[in-house]
Q: 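This is the structure, below, for whatever I ask next.
Just so we're clear, the structure is a prediction, and the values are computed from it rather than from any experiment. The sequence lines fix the lettering, A, B, ..., with proteins before strands; numbering per chain opens at 1.
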Amino acid sequence: MPELPEIETIRRQLAPELEGRRVEQLDVLDARWCEPAEPSALEDAVRGRRIERVARRGKYLVLELEDDIHLAMHLRMTGNLLLSHDDERPHLRARFLIEGGKRLLFLDVRRFGTGVVLLGREARDAYFDVRLGPEPLDPDFTAEALRAQTRGRTAPVKAFLLNQERIAGVGNIYADEALFRAKIHPLRPVGALRRPQVAALRDAVVASLEAGIDAKGASIDDFRHSDGAEGSFQDEFLAYGREGEPCVRCGRPIRKIRAAGRGTYFCAYCQRAPRAGKALGSRR
DNA sequence: CGCCCTGTTGGGGA
DNA sequence: ATCCCCAACAGGGC
């Protein structure tokens, strides 16, 4: 379930545990994790260096190490980070030995997750700049900024939200959640949204993400929570994964379609279908 | 038991 | 820009 809120939750839990401590050693157990780089390249770059900050950019968790070395990790679909005293776990892909004895374990059943070392601030910024748009929780993510970004675009609004180059960190679940809250049909051309709808969408994106962060998430600490103890975020969502169940606003059944290649849940009544023949605000 | 489909992501090719 | 497939695996429906 790693979208922006889950990564941010992990970051907040990890920061006080890791910041200021050294990485005594890194073991990359699956070479695919860091392709096309060699595991030894990551292990050598990280070994012995102090973690100055645990940061997040979009869905990436970033260990900012001394000497301006950055390790950006992406959990993809099933990746997970666990703070543990154990050296072995099922689906272990990479293991950090942290000064003081704890281990930071990167677990990933499907092995889609990645780790990349970025040498220098410029390299780090360049890496993110070509992949990620603005952070939705930054103060400058305003309705006007979003409007400027959407104008003239014909992509379905859901595809726009999922595109990390447009907005960083919004995934399939929070995209549906935001559209439901803003009462916007997922297939509406994003450029056709009126000013008030753009404003509603901005607010809904921010509110959905913040709600996700506030929701009690799974702890990454071995001691407070053991393995499968994941909070059921599912219950927090208003439409996602609830095909056929009644819309919380109008009671009509939630529908499922495919949008931008992903399963998409919405209320066909609350979120009006795009009007044919009016793709981009006919006027103006 | 086997087969088929789906999936919290993102990159690549047509 | 857009659709489709792929990565590797688990779980559910039939």
Q: In sequence, state the C-alpha distance, the side-chain angles, and the governing distance for A:Ile167 and A:Leu146, and then conclude on side-chain contact (heavy atoms from CB on, under 4.5 Å).
A: CA-CA 9 Å; A:Ile167 302 173; A:Leu146 180 59; 4.1 Å; yes

Q: OP1 or OP2 of C:dA1 sitting under 4.0 Å from any side-chain N/O of A:Arg166?
A: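 Indeed, a polar side-chain atom of A:Arg166 lies that close.
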
Q: Given B:dT9, is OP1 or OP2 found less than 4.0 Å from the side-chain N or O atoms of A:Gln164?
A: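 False: A:Gln164 side-chain N/O out of range (4.0 Å or more) of B:dT9 OP1/OP2.
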
Q: Would A:Phe96 and A:Phe106 count as a ring-ring contact (aromatic ring centres under 6.0 Å, His included) here? Give the steps.
A: CA-CA 8 Å; A:Phe96 300 76; A:Phe106 190 112; 8.4 Å; no

Q: Centroid distance below 5.5 Å plus an interplanar angle below 30 degrees: do A:Phe112 and B:dG10 meet both conditions?
A: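 Given the distance and angle limits, no, they do not stack.
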
Q: Side chain of A:Met77: nearest nucleotide among B:dG7, C:dT2, C:dC9?
A: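 For the A:Met77 side chain, the nearest candidate turns out to be B:dG7.
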
Q: Heavy atoms within less than 4.0 Å of DNA chain B: which residues of residues 255-268 of chain A have one? Give them sorted by number.
A: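 The stretch gives A:Lys256, A:Arg258, A:Arg262, A:Gly263 as the residues lying under 4.0 Å from the strand, ordered by number.
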
Q: So if I take every side-chain heavy atom of A:Tyr60 and compare against B:dG11, C:dA10, C:dT2, which nucleotide ends up nearest?
A: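 Looking only at side-chain atoms, A:Tyr60 lies closest to B:dG11.
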
Q: Taking the side chain of A:His74 as heavy atoms from C-beta outward, which of B:dG10, C:dA7, C:dC9 is closest to it?
A: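 Closest nucleotide to the A:His74 side chain: B:dG10.
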
Q: Where does DNA chain C form stems of at least three consecutive Watson-Crick or G-U wobble pairs, each pair having both distances below 3.5 Å?
A: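 Output for stems: B:2-7 with C:9-14, B:9-14 with C:2-7.
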
Q: Pairs in or reaching into residues 185-214 of chain A: which pass ring-ring contact (aromatic ring centres under 6.0 Å, His included), with residues at least two apart or in two chains?
A: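 ring-ring contact (aromatic ring centres under 6.0 Å, His included) check on residues 185-214 of chain A returns A:His185-A:Phe266.
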
Q: Counting heavy atoms from C-beta on, name the nucleotide in C:dA1, C:dC9, B:dG11 closest to the side chain of A:Arg111.
A: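 The answer is C:dC9, which lies nearest to the side chain.
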
Q: Pick the closest DNA chain C nucleotide for A:Asn163 and for A:Arg32 by heavy atoms, then say which residue is nearer the 5' end.
A: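 Going by which nucleotide is closer to the 5' end, it is A:Asn163.
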
